[in-house]
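Some notes on the structure that comes next.
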Amino acid sequence: MLGVDLSNDGFYDSNAAESATTPVIDITGFTGLRLQYRRWLGVEDSIFDHATISLDGEELWRNSPGGGSTQHVDREWRFQDLALPVDASATSLQLAFGLTSDEGLEFGGWTLDDVCVVAT
């Protein structure tokens with residue numbers, strides 16, 4: 001299990017930029033790749049704070065892309081399944097779960113479990 005703050009008050013820091021990056025994953029010979037994981041995510045409206053998932057340095061997912069007017073607060077563990085748009089000739093990939101915050105509200109951030117890359 002990975003979490004932004006599992007030992008203190010449970011909230012991410014203000015004015016912070018943090019990320020957790022996977023090791024490089026060998027995908028030689030695999031197609032139809034998907035990222036599957038369980039999350040408990042709490043993050044302020046994306047106008048202010050950003051929770052992201054990046055694939056090889058390119059943003060793949062963001063809380064409320066383009067800004068929104070509501071906080072993103074999971075109330076339970078959520079299973080997520082995302083297609084990974086990887087070129088068929090690629091031999092490896094690397095994922096990063098990021099969080100940037102402003103000086104305002106802080107929530108629980110990313111808490112992740114059972115992160116895996118699967119081929120269909």
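In this chain, numbering begins with 1 at the start of the sequence shown.
Sequence neighbours left out, the pairs with a member in residues 19-35 that pass salt bridge (Lys or Arg N to Asp or Glu O under 4.0 Å) are Arg34-Asp81. Screening residues 108-120 for salt bridge (Lys or Arg N to Asp or Glu O under 4.0 Å) gives Arg38-Asp114 as the qualifying pairs, with residues at least two apart or on separate chains. Among residue pairs with one or both ends in residues 88-104, none qualify as salt bridge (Lys or Arg N to Asp or Glu O under 4.0 Å); sequence neighbours excluded.
Legend: residues meeting side chain to side chain contact (heavy atoms under 4.5 Å, CB included) with Ala20, ordered by chain and number and at least two apart, are Leu2. Residues passing the side chain to side chain contact (heavy atoms under 4.5 Å, CB included) test with Leu105, sequence neighbours excluded: Glu44, Gln71, Phe107. Judged as a side chain to side chain donor-acceptor pair (under 3.5 Å), and not counting sequence neighbours, Glu18 has no contacts. In this structure, the side chain to side chain donor-acceptor pair (under 3.5 Å) partners of Asp87, at least two apart in sequence or on a different chain, are Ser89. Residues that satisfy the ring pair (Phe, Tyr, Trp, His ring centres under 6.0 Å) test with Tyr37, not counting sequence neighbours, are Phe97. Every residue two or more places apart in sequence or in another chain that forms a side chain to side chain contact (heavy atoms under 4.5 Å, CB included) with Pro85 is listed here: Leu55, Leu60. When the side chain to side chain contact (heavy atoms under 4.5 Å, CB included) test is applied to Glu106, the partners found at least two apart in sequence or on another chain are Phe11, Tyr12, Ser14. Listed by chain and residue number, nothing satisfies the salt bridge (Lys or Arg N to Asp or Glu O under 4.0 Å) test with Glu58 (two or more places apart in sequence, or in another chain).
Once rounded to the nearest 0.5 Å, the distance linking CG of Leu84 with OG1 of Thr31 reads 12.0 Å. Separation of atoms NE2 (His72) and CZ (Arg39) is listed at 3.5 Å; rounding is to 0.5 Å. Here the CH2-CZ distance, from Trp40 to Arg78, works out to 10.0 Å after rounding to the nearest 0.5 Å. Put simply, OG1 on Thr111 and CG on Asp74 are 9.5 Å apart, with the number rounded to the nearest 0.5 Å. In this structure, CG in Leu112 is found 8.5 Å from CG in Leu41, a value given to the nearest 0.5 Å.
Val118 and Ile25 fall into different hydrophobic clusters, where Ile, Leu, Val, Met, Phe, Trp and Tyr side chains are chained together by heavy-atom contacts under 4.5 Å.
For the residue pair Phe30 and Ala119, the shortest heavy atom distance occurs at CD2-CB, 3.7 Å. For the residue pair Asn63 and Asp49, the shortest heavy atom distance occurs at ND2-O, 3.5 Å. Shortest non-hydrogen contact noted between Asp56 and Ser92 is OD2-O, 4.1 Å. For the pair Asp13 and Ala16, the tightest heavy-atom approach, listed with the atom from each and the gap, is O-CB, 3.6 Å. Across Trp110 and Gly98, no two heavy atoms sit closer than the pair NE1-O, 2.9 Å. In this structure, Ala96 and Thr21 approach most closely via the heavy-atom pair CB-OG1, 3.8 Å.
Using a 4.5 Å heavy-atom threshold, the side chains of Val115 and Leu35 count as touching. At least one side-chain heavy atom of Leu95 sits less than 4.5 Å from a side-chain heavy atom of Val117.
Side-chain N or O atoms of Thr52 include none that pairs as donor or acceptor with a backbone N or O of Glu59 at under 3.5 Å.
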